[in-house]
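If you read the sequence from its start, that first residue is 1, and numbering goes on from there. Not measured: the values here are computed from a predicted model.
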Amino acid sequence: MAKKIEILGKGCARCKQTEKIVRMALEELNVDAVIEKVEDIAEIIARGVVSTPAIAVNGKIVLSGKIPTLEEEKKLIQIG
């Protein structure tokens with residue numbers, strides 16, 4: 001089953017950079033995943049995120065408030 005990775009944020013440059021890193025990490029790990037963007041502020045707040053960009057793996061927030069490095073993202077995908 002494919003992992004579900006969500007990028008939470010309004011679509012700013014930091015969110016776009018985060019998406020790029022997520023895609024690079026998935027490619028390097030050869031992991032099958034569905035990437036979804038969550039840009040609705042009410043939903044982001046309802047999920048407990050106070051600082052974006054944030055990343056959720058299979059519904060669990062694993063990072064918030066910073067752009068991950070490629071190595072950080074690879075670890076988050078593997079443990080998520």
Side-chain angles (χ1 to χ4, degrees):
M1 183 174 139
K3 289 188 182 240
K4 179 180 175 185
I5 299 178
E6 297 166 290
I7 300 167
L8 296 86
K10 296 189 329 180
C12 65
R14 290 169 44 94
C15 297
K16 289 176 182 168
Q17 180 65 22
T18 298
E19 180 183 0
K20 183 178 175 183
I21 291 169
V22 167
R23 290 187 185 279
M24 288 170 46
L26 289 169
E27 187 175 321
E28 284 192 19
L29 293 170
N30 196 27
V31 171
D32 186 27
V34 174
I35 298 175
E36 291 183 10
K37 293 188 217 171
V38 178
E39 296 181 350
D40 179 34
I41 295 300
E43 182 177 347
I44 292 169
I45 292 169
R47 295 186 55 187
V49 173
V50 294
S51 184
T52 61
I55 298 171
V57 178
N58 293 332
K60 178 183 170 193
I61 303 294
V62 295
L63 184 79
S64 178
K66 68 178 236 170
I67 299 170
T69 66
L70 181 58
E71 290 306 311
E72 284 175 325
E73 184 55 33
K74 287 163 69 173
K75 288 178 187 169
L76 294 172
I77 290 169
Q78 290 172 323
I79 63 171

Pair L26-V22, side chain to side chain contact (heavy atoms under 4.5 Å, CB included): steps then yes or no = CA-CA 6 Å; L26 289 169; V22 167; 4.0 Å; yes
Between R23 and E27, is any pair of side-chain heavy atoms under 4.5 Å apart?
-> no
Could you give me the CA-CA distance, side-chain angles and deciding distance for K16 and K20, then say whether side chain to side chain contact (heavy atoms under 4.5 Å, CB included) is met?
-> CA-CA 6 Å; K16 289 176 182 168; K20 183 178 175 183; over 6 Å; no
Would you mind reporting whether V38 and I44 have side-chain heavy atoms less than 4.5 Å apart?
-> yes
Do I35 and V31 share a hydrophobic cluster (ILVMFWY, side-chain heavy atoms under 4.5 Å, transitive)?
-> yes
Less than 4.5 Å apart, any side-chain heavy atom of T18 and any of L63?
-> no
Side chains of I41 and K10: closer than 4.5 Å at any heavy-atom pair?
-> yes
What heavy-atom pair brings I61 and A56 nearest, and what distance separates the two atoms?
-> CD1-CB, 3.9 Å
Name all residues meeting the salt bridge (charged side-chain N to carboxylate O under 4.0 Å, His left out) criterion together with K4; count only those two or more places apart in sequence or in a different chain, and write none if there are none.
-> E6, E36
Do P53 and I67 come close enough that some side-chain heavy atom pair is under 4.5 Å?
-> yes
Same cluster or not: are L29 and I21 linked, directly or through other Ile, Leu, Val, Met, Phe, Trp or Tyr residues, by side-chain heavy atoms under 4.5 angstrom apart?
-> no
Is V62 reachable from I5 through a run of I, L, V, M, F, W or Y residues, each pair having side-chain heavy atoms under 4.5 Å apart?
-> yes
Cut-off 3.5 Å, no hydrogens considered: what does the side-chain donor-acceptor table look like for residues 72-80, sequence neighbours left out?
from: E72; atom 1: OE1; to: K66; atom 2: NZ; distance (Å): 3.3
from: E72; atom 1: OE1; to: T69; atom 2: N; distance (Å): 2.8
from: E72; atom 1: OE2; to: K66; atom 2: NZ; distance (Å): 2.8
from: K74; atom 1: NZ; to: E28; atom 2: OE1; distance (Å): 2.8
from: K74; atom 1: NZ; to: E71; atom 2: OE2; distance (Å): 3.4

Any donor-acceptor pair under 3.5 Å from S64 side chain to S51 backbone | yes
Non-neighbouring partners of R14 that pass side-chain hydrogen bond (donor to acceptor under 3.5 Å, both in side chains), sequence neighbours left out = none
P68 to I55 - nearest heavy-atom pair and separation = CG-CD1, 3.8 Å
